[in-house]
Structure formats: structure tokens, C-alpha cells
Amino acid sequence: MELPLLSFPPVVIPAAALVYGLVHSLTASIGFKSLVYRLMGEGFEKYYRILYSFLSLVALLPVITLPVLIPDETLYTIPAPYVYLTGFIQLAAVGLLGYSLLQTGAMQFIGVPQALGRNYQDRLHTNGLYRIVRHPLYTFGLLFMWLTPVMTRNLALLYAALTVYTIIGALFEERKLLRIFGSAYAEYRSKTPFLIPYLF
């Protein structure tokens with residue numbers, strides 16, 4: 001059964017992605033969280049991360065379904081045998097993405113221990129993949145996206161918007177990490193690439 005197509009212009013796709021990114025970054029900021037804690041009470045703090053993770057996923061679903069609901073056209077298809085190489089790189093990117101989550105603690109990343117009332121303190125991760133780039137989750141996520149074997153106009157618009165958001169969001173995240181970890185993060189940032197590993 002085919003989904004009915006929406007008569008929206010393609011520009012709706014990057015616009016929706018960037019609005020999502022703006023709200024996502026705003027609700028992750030220290031200032032917004034402090035406001036929520038004041039309104040809801042300090043006891044709400046332990047539930048914020050898991051609620052934030054859940055609502056972020058729910059809000060992302062309509063954004064990533066837009067490309068299939070709006071009329072589209074194919075830009076290019078990666079031919080064989082190159083598609084086997086890009087497919088392997090995509091598979092490796094998924095594995096490295098998973099490893100990055102394990103390094104940061106997947107459950108902590110989602111907010112499960114915090115919601116259960118367990119003591120959890122933010123730690124500065126500088127080992128493993130974090131020695132190669134400061135944001136391995138973003139690096140391997142973007143790599144996976146852009147190696148899609150069949151690239152359509154709608155996917156390209158979505159990926160471009162998500163790439164812009166990822167870069168801007170990472171910069172805002174680094175400001176927050178500087179406030180939390182101070183000189184330790186400043187030193188780490190001075191020695192480690194942003195998203196693309198050094199070749200030499």
C-alpha cells in the first residue's frame with residue numbers, strides 16, 4: 001500500500017529539520033533545563049534526560065518521514081562495485097556509532113540511571129574514538145547518511161539540513177562542555193579534531 005503524497009514544496013523538508021534542530025538544542029541547553037527545574041521542582045531533574053530522549057525521538061519521526069511523503073526524484077545511484085565499498089563503510093559506521101554510545105554509556109545517554117535515582121555525574125570522555133574526533137557519534141552518523149546508495153532530492157535536502165544542524169549543535173554542545181569541564185575540555189579541544197580525523 002502506497003502512502004498518499006503531500007503537495008508540499010521540497011523546501012519543507014530542510015525547514016522541518018532545522019526547526020527540529022533548534023528546539024532540540026534549546027531544550028538541551030543549561031538555561032532551559034534550569035528554567036524547567038524551577039517550574040517543576042528539583043525532583044524533576046532526574047527525569048529530564050529520559051523524557052528529553054523520548055520526546056526527541058518522537059519529534060524526529062515526522063521529520064524523517066517527510067522525504068517519502070513528498071514527490072521526489074533520484075539524483076544518483078552508486079553503481080556496482082563501488083556500492084559494495086560504500087555499503088561496507090556504512091556498516092562500519094554503524095558499528096563505530098554503537099561503540100561510541102557504549103563509550104559514553106548508552107543507558108546514561110538515554111537517561112535511564114538518572115530516572116532510577118542512581119548517582120550519575122557527567123564525565124569527560126577522551127579515550128577510544130574520542131581520541132580521534134571530539135564528536136564520533138556525529139561523525140559516523142553523517143558518514144552513514146551521506147553514503148546512502150540511492151540519493152534522492154528529498155534525502156539530499158534532509159541530509160544537508162541535518163548536517164548543518166549537527167555542526168551548529170556540536171558547537172553549542174562544546175560551549176556547554178566548556179562550562180562544565182573548563183580547562184580540561186579546552187585542552188582536549190585544542191588537541192583533538194572536531195568531526196574529521198587528521199590524516200597525519
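Just the heavy atoms: all of them, side chains too, but no hydrogens, waters or symmetry mates, feed the values below.
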Is I78 linked to L142 within one hydrophobic cluster, defined over Ile, Leu, Val, Met, Phe, Trp and Tyr using a side-chain heavy-atom separation of less than 4.5 Å? yes
Passes side chain to side chain contact (heavy atoms under 4.5 Å, CB included), F44 versus L51? Steps please. CA-CA 10 Å; F44 185 75; L51 185 61; 3.7 Å; yes
All heavy atoms of L129 vs all of S100, minimum pair found to be CD1-OG, 3.2 Å
CG (D72) and OG1 (T152) are apart, to the nearest 0.5 Å, by 3.5 Å
Find the distance between OG1 (T65) and CG (L60) and round it off to the nearest 0.5 Å. 9.0 Å
Quick one: do V83 and L155 end up in the same hydrophobic cluster if we chain Ile, Leu, Val, Met, Phe, Trp and Tyr together by side-chain heavy atoms under 4.5 Å apart? yes
Would L195 and V133 count as a side chain to side chain contact (heavy atoms under 4.5 Å, CB included) here? Give the steps. CA-CA 6 Å; L195 289 172; V133 287; 5.6 Å; no
Is any side-chain heavy atom of T192 closer than 4.5 Å to a side-chain heavy atom of T126? no
Should we say atom CZ of F32 is surrounded by more than 12 heavy atoms from elsewhere, each under 6.0 Å from it? yes
Would L57 and V63 show up in the same hydrophobic cluster when neighbours are defined by side-chain heavy atoms closer than 4.5 Å? no
How long is the span from the CZ atom in R189 to the CD atom in E174, to the nearest 0.5 Å? 5.5 Å
Does F172, at its CZ atom, have more than 12 non-hydrogen atoms belonging to other residues, nucleotides or ligands within less than 6.0 Å? no
Please write out which residues are connected to V11 in a hydrophobic cluster, directly or through intermediates, given that two of Ile, Leu, Val, Met, Phe, Trp, Tyr count as joined at side-chain heavy-atom separations below 4.5 angstrom. none
Using a 3.5 Å distance criterion without hydrogens, assess whether the side chain of R153 forms a donor-acceptor pair with backbone atoms of E73. no
Going through the distances and angles, do T27 and Y48 end up as a side chain to side chain contact (heavy atoms under 4.5 Å, CB included)? CA-CA 10 Å; T27 52; Y48 190 88; 3.8 Å; yes
Shortest non-hydrogen pair, P136 vs Y130, comes out as CD-CE2, 3.4 Å
Please name all residues satisfying side chain to side chain donor-acceptor pair (under 3.5 Å) with Y20, sequence neighbours left out, ordered by chain then number. none
Hits for side chain to side chain donor-acceptor pair (under 3.5 Å) against R49, two or more places apart or cross-chain, chain-then-number order -> none
I132 with Y188, same ILVMFWY side-chain cluster at under 4.5 Å: yes
P10 to P14 - nearest heavy-atom pair and separation: O-CD, 3.3 Å
What is the distance from atom OH of Y138 to atom CZ of F194, rounded to the nearest 0.5 Å? 9.0 Å
Apart from V94 itself, which Ile, Leu, Val, Met, Phe, Trp or Tyr residues share its cluster (side-chain heavy atoms under 4.5 Å, direct or through members)? F144
Could you grab the distance from atom OH of Y185 to atom CG of L177, nearest 0.5 Å is fine? 5.0 Å
So, for A156 and L75, which heavy atoms are closest and what is the spacing to 0.1 Å? CB-CD1, 3.8 Å
Close side-chain approach of V150 and T77, heavy atoms under 4.5 Å: yes
Heavy-atom count around I196 CD1 within 6.0 Å, excluding the residue itself: above 12? no
Is the backbone N or O of L101 less than 3.5 Å from a side-chain atom of T104, with the two atoms forming a donor-acceptor pair by type? yes
To the nearest 0.5 Å, what is the distance between NZ (K33) and CZ (R38)? 14.0 Å
Side-chain polar contacts of residues 157-170 - donor-acceptor pairs under 3.5 angstrom, sequence neighbours left out - could you list them?
from : atom 1 : to   : atom 2 : distance (Å)
Y159 : OH     : T148 : OG1    : 3.0
T163 : OG1    : W146 : NE1    : 2.9
T163 : OG1    : Y159 : O      : 2.7
Y165 : OH     : H24  : ND1    : 2.5
T166 : OG1    : L162 : O      : 2.6

Do the side chains of L124 and L137 join up, straight or via other hydrophobic residues, at under 4.5 Å, putting them in one cluster? yes
Only counting residues at least two apart or in another chain, list the ones meeting side chain to side chain contact (heavy atoms under 4.5 Å, CB included) with E45. Y37, E42
